[in-house]
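Let me begin by presenting the structure, written as structure tokens, before commenting on it.
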Amino acid sequence: MPQYFGQLHTKEPAWSILGAVQSIKQDDRHILFKCGIPCVKISILAPNLIRVRMTPTGEFLPRRSWAVAQADEEWSKVPFEVREKAETIEITTEQMSIVVSRDPFRIQCFDSAGELFAEDADIGMGWRTGTIAGWKRIETDEHFYGFGEPTGLLDQRSKVRTNWTTDAIDFGILTDSMYQAIPFFIALRPGLGYGLFFNTTFWSRFDLGAQQPGVWRMETQGSELDYYIIYGPEPAKIIQTYTQLTGRMPLPPRWALGYHQCRWSYESQDIVQKVAQEFRQRQIPCDVIHLDIDYMNGYRVFTWSPKRFANPQELIQNLKENGFKVATIVEPGVKYDPEADYKVFDEGFKNDYFVRKTNGQLFHGYVWPDKAVFPDYLRKEVRDWWGGLLKSLTDIGIAGIWNDMNEPTLDDRPFGDPGRKIDFPLNTAQGSGDEKTNHAETHNVYGLMMAQASYEAVVKSRPTERTFFLTRSGFAGIQRWSAVWTGDNQSLWEHLEMSIPMLCNLGLSGIAFVGSDIGGFAGNATPELFTRWMQLGMLYPFMRGHSALTTAQHEPWAFGDRVEKICREYIQLRYRLLPYIYTLFWEAATTGAPILRPLLYHFPNDPQTFSLADQVMLGSSLLAAPICRPGVQYRAVYLPEGHWYDWWSGEAFTGPTHILAHAPLEQMPLYVRAGSIIPMIPVMQYVDERPIDQIRLRIWKGVGEFTLYEDDGHTFEYKTAAFCTTTYRVNSQEQRTIVKIEPREGEFSPPKREIIVELVGVGEQSFIDDGTAHQLEFST
């Protein structure tokens with residue numbers, strides 16, 4: 001019989017918890033433990049990955065199509081050993097051991113050195129009406145990261161994080177639920193780390209020691225406790241396994257790595273063209289202009305305003321001739337418009353594609369087009385229909401799809417009236433066939449499924465060209481379908497600083513293509529704030545300036561000549577670094593590695609990095625220490641173990657050390673690791689302006705290597721081996737430095753170009769790249 005554990009809060013019902021193990025059944029993947037009617041299944045999926053499922057009823061839930069990318073049976077079988085003892089059952093893989101106590105049922109995990117992690121607390125696992133939960137111990141020196149886009153600090157220990165997609169407008173450092181619901185985290189302490197993915201799309205929450213110090217708790221309103229434990233020991237290995245489980249990003253078009261410009265809204269196609277002309281005349285590189293909601297006719301999705309955007313195809317063609325791509329916002333709320341000739345509503349209504357309440361009536365809420373209805377993206381036929389509608393945009397040249405308001409966000413009365421945010425009723429039916437369920441289960445994946453519908457449809461209709469996708473809301477695995485930005489931030493110094501841990505935690509949650517609105521979306525940035533944000537934004541994987549209706553203009557030239565000059569220089573630096581950045585995208589697409597990284601990612605055994613939230617790394621080579629306070633021209637910088645160089649002056653440092661960095665407005669402190677090799681190209685106004693006929697390899701003395709990835713940048717041919725890699729190595733010994741360039745590998749042949757090898761502070765040599773091996777020597 002289950003045991004019961006009463007709560008101190010007398011108004012809450014007691015928890016039922018697992019009793020003793022009564023029987024065990026084993027096959028080549030799973031061990032099933034029966035504890036009376038309740039049972040637990042532990043699945044061994046990889047040497048460092050297990051899945052734990054507990055059901056109070058004895059029946060496990062069926063797999064959902066929107067669940068993890070790799071099901072249990074799709075993992076290669078791995079050897080493991082089960083040893084039954086009097087008081088425990090021990091399961092051992094090549095990398096970890098799981099010890100199960102028989103009475104009561106409890107789980108402990110150990111690494112190969114015998115270090116304990118992910119240990120069940122006294123309660124272990126329990127359930128009560130409407131909730132199921134698990135408790136584990138927090139080690140003394142343990143820290144917690146990930147959770148999607150949590151606000152506030154980098155380390156989430158002692159915080160509560162709720163997984164429920166929410167329009168988090170006006171979010172601040174204490175905001176809990178955000179646009180993304182990612183129930184995954186990494187627990188890290190010196191020498192050991194593990195990841196935990198809570199596999200539930202229902203409302204769920206992590207309490208990381210806020211209520212009970214020394215114990216963290218996960219709970220969900222689902223009916224089964226289902227989680228994966230990933231042993232590291234380092235963040236890179238944890239994320240590699242986690243993204244094998246939930247999926248990895250595809251390579252975006254290379255132009256999507258350039259600078260994006262947006263505003264809510266550029267009011268007409270004439271204004272859009274003027275903005276584009278300003279960029280070109282002022283020689284500020286830019287690749288993409290985003291169109292917000294006012295390009296539509298009365299906010300009807302998949303329409304164009306007949307007055308303000310009378311000829312969108314002409315606009316897109318004109319912009320294309322000047323090197324610009326266009327991304328348009330798309331929202332799920334379809335205007336309820338039965339009296340008008342509105343194809344989207346008419347087709348959706350006729351085919352019963354919109355969400356209905358339990359009484360059969362169309363569910364509606366209020367968004368930009370006023371009264372609106374909402375597609376049920378959980379149904380494949382609805383996703384296919386929606387994807388077909390996107391063709392009206394891509395056929396005229398739209399190159400990017402920006403999915404917004406897809407938490408979903410809606411009010412109980414027209415926008416502008418005093419109203420409140422509402423959700424679909426939780427008992428509203430969604431999905432179809434065997435997967436027909438309710439909104440309680442599907443709320444968190446509504447934005448994910450909209451993004452999937454967009455990606456799959458556009459790839460099908462444009463099979464030879466990559467498209468850029470962006471979403472505000474998503475769930476675990478959203479990286480398979482879309483880039484992500486952090487939503488409606490504000491023009492505040494606190495939001496500039498907070499973007500660093502938010503984006504780093506997104507990267508540690510498997511989502512590499514991320515950014516925040518440069519300058520802040522709501523409010524008016526000061527010239528100083530905008531400058532400092534652009535300097536940091538140069539490092540964002542997704543680099544977009546965006547501002548809200550009624551705010552002052554936030555284009556780089558809107559703040560005066562000095563700010564414009566600084567912005568131009570940092571955007572130019574971004575474009576010069578594109579070979580390095582594009583290679584980081586390839587790494588993310590193949591291993592899941594974040595592009596923007598907290599220092600703890602590369603220095604996981606250095607406790608100084610565990611709470612360091614105002615410094616960041618772009619890949620493994622570049623370390624930035626942005627200025628996030630007004631009037632600051634000097635700041636402390638921590639340089640971890642190893643040798644480092646100041647990017648601007650070349651000054652050398654030996655870590656670990658703290659230094660005082662000079663940071664006048666024109667300069668963001670930036671450092672590079674010894675032995676780094678960073679490929680750079682000449683400045684371009686847009687990515688495809690001309691063939692790359694020169695690559696400069698900037699190399700800093702030391703020992704290191706870098707593998708440059710290249711493909712055509714815009715088709716899917718890289719998936720069929722049309723890419724190439726070149727590995728560069730540097731080795732410095734006493735009075736000489738040797739640079740070795742390995743033969744190019746792969747089927748893609750880049751255009752003929754000059755390679756300039758610059759040993760920073762020493763000199764440079766050059767040669768014409770023909771794909772063969774080269775060796776260069778520098779006297780130092």
Side-chain angles (χ1 to χ4, degrees), residues 13 55-57 59-67 127-132 162-167 177 181 200-205 219-224 226 301 331-338 342 344-367 369-386 405-415 417 419-450 452-453 473 475:
T55 170
T57 65
E59 298 290 331
F60 292 103
L61 297 174
R63 171 177 165 79
R64 297 301 200 188
S65 62
W66 57 79
W127 63 95
R128 60 190 183 194
T129 303
T131 309
I132 194 164
T162 302
N163 303 298
W164 190 253
T165 57
T166 303
D167 179 7
S177 296
T200 174
T201 61
F202 289 90
W203 178 97
S204 65
R205 175 174 287 168
E219 61 179 310
T220 178
Q221 292 177 354
S223 60
E224 179 181 305
D226 183 357
V301 67
E331 300 190 343
V334 174
K335 184 175 178 62
Y336 181 82
D337 214 357
Y342 179 32
V344 180
F345 174 79
D346 293 342
E347 285 185 358
F349 181 77
K350 177 183 177 182
N351 293 291
D352 196 25
Y353 288 157
F354 300 124
V355 172
R356 291 183 178 272
K357 296 185 285 189
T358 54
N359 63 6
Q361 293 179 344
L362 276 180
F363 171 76
H364 74 270
Y366 292 89
V367 284
D370 206 14
K371 184 177 180 180
V373 291
F374 298 85
D376 182 0
Y377 298 117
L378 278 294
R379 296 159 53 190
K380 184 180 184 305
E381 66 272 22
V382 177
R383 295 198 300 274
D384 291 344
W385 166 70
W386 188 261
M405 303 286 281
N406 54 348
E407 292 74 31
T409 294
L410 54 150
D411 278 8
D412 64 348
R413 65 200 70 185
F415 275 22
D417 294 344
R420 62 183 179 91
K421 300 292 182 188
I422 60 172
D423 292 328
F424 298 175
L426 295 183
N427 62 357
T428 299
Q430 288 185 254
S432 59
D434 293 341
E435 291 192 329
K436 190 166 186 177
T437 181
N438 57 36
H439 193 68
E441 184 177 6
T442 63
H443 173 88
N444 278 333
V445 295
Y446 190 83
L448 173 83
M449 302 308 286
M450 183 186 185
Q452 179 179 345
S473 181
F475 186 73

| request: Indicate the atoms forming the closest heavy-atom contact of P375 with W386, along with that distance. | output: CG-CZ3, 3.6 Å
| Do E441 and R64 sit within salt-bridge range, that is, some charged N less than 4.0 Å from a carboxylate O? | yes
| Any donor-acceptor pair under 3.5 Å linking the side chain of N406 with the backbone of P408? | no
| field | Any Y366 side-chain heavy atom under 4.5 Å of D412 side chain | value | no
| note | Of N163, T131, T162, T220, the one forming a side-chain hydrogen bond (donor to acceptor under 3.5 Å, both in side chains) with S204 is N163
| request: Give the C-alpha distance, both sets of side-chain angles, the deciding distance and a yes or no for side-chain contact (heavy atoms from CB on, under 4.5 Å) between F345 and V373. | output: CA-CA 8 Å; F345 174 79; V373 291; 4.0 Å; yes
| request: Consider only side-chain N and O atoms of T409 and E407, and report whether a donor and an acceptor are under 3.5 Å apart. | output: yes
| field | side chain to side chain donor-acceptor pair (under 3.5 Å) between Q430 and T437, intermediate numbers included | value | CA-CA 5 Å; Q430 288 185 254; T437 181; over 6 Å; no
| field | Distance in Å, T200 OG1 paired with F475 CZ, rounded so as to fall on 0.5 Å steps | value | 7.0 Å
| said: Looking at every non-hydrogen atom in both residues, tell me the closest pair between E381 and S432 and how far apart they are. | reply: OE1-OG, 4.4 Å
| task | Starting at CD of E347, measure out to CZ of F354 and round the result to the nearest 0.5 Å. | result | 9.0 Å
| Closest approach of T165 to N444 (non-hydrogen atoms, all atoms of both residues) | N-OD1, 2.9 Å
| said: So that I can tick it off, tell me whether K421 and D411 are bridged by a salt bridge, with the cut-off set at under 4.0 angstrom between side-chain N and carboxylate O. | reply: yes
| Hey, does H364 have a side-chain heavy atom less than 4.5 Å from the side chain of Y336? | no
| How far does OG1 of T129 sit from CD of Q221, to the nearest 0.5 angstrom? | 12.0 Å
| query | Atom CD in E224, atom CZ in F202: separation rounded to 0.5 Å? | reply | 10.0 Å
| request: Give a yes or no answer on whether the side chain of N438 reaches the backbone of A429 with a donor-acceptor pair at less than 3.5 Å. | output: no
| Would a distance-only check, ignoring hydrogens and angles, find a side-chain to backbone donor-acceptor pair under 3.5 Å from N351 to Y353? | no
| query | Is there a donor-acceptor pair under 3.5 Å between the side chain of D376 and the backbone N or O of G431? | reply | yes
| request: Show the numbers, then the answer: is there a side-chain contact (heavy atoms from CB on, under 4.5 Å) between M405 and V367? | output: CA-CA 9 Å; M405 303 286 281; V367 284; 4.3 Å; yes
| query | Looking only at heavy atoms, which two atoms of M450 and E331 are closest? And how far apart? | reply | CE-C, 3.8 Å
| Parallel, tilted or perpendicular, as decided by the 30° and 60° cut-offs, for the rings of H443 and H439 | perpendicular
| task | Would you mind checking if D346 and K350 are paired as a salt bridge, meaning a charged N to carboxylate O distance below 4.0 Å? | result | no
| query | What do you reckon, is CG of N427 surrounded by more than 12 foreign heavy atoms closer than 6.0 Å? | reply | yes
| query | Under 3.5 Å, is there a donor-acceptor pair between the side chain of S473 and the main chain of G447? | reply | no
| query | Considering only heavy atoms from C-beta outward, does the side chain of L410 approach that of F374 to under 4.5 Å? | reply | yes
| remark: The reported gap from CG in D370 to NZ in K335 (rounded to nearest 0.5 angstrom) is 5.0 Å
| field | N/O donor-acceptor pair under 3.5 Å between R383 side chain and Y377 backbone | value | yes
| Nearest heavy atoms of P56 and S223, plus distance in Å | CD-O, 3.6 Å
| Are side-chain heavy atoms of V344 and W385 found at a separation under 4.5 Å? | yes
| Rounded distance [0.5 Å steps], CZ in F363 versus CZ in R356 | 13.0 Å
| W164 to A181 - nearest heavy-atom pair and separation | N-CB, 4.0 Å
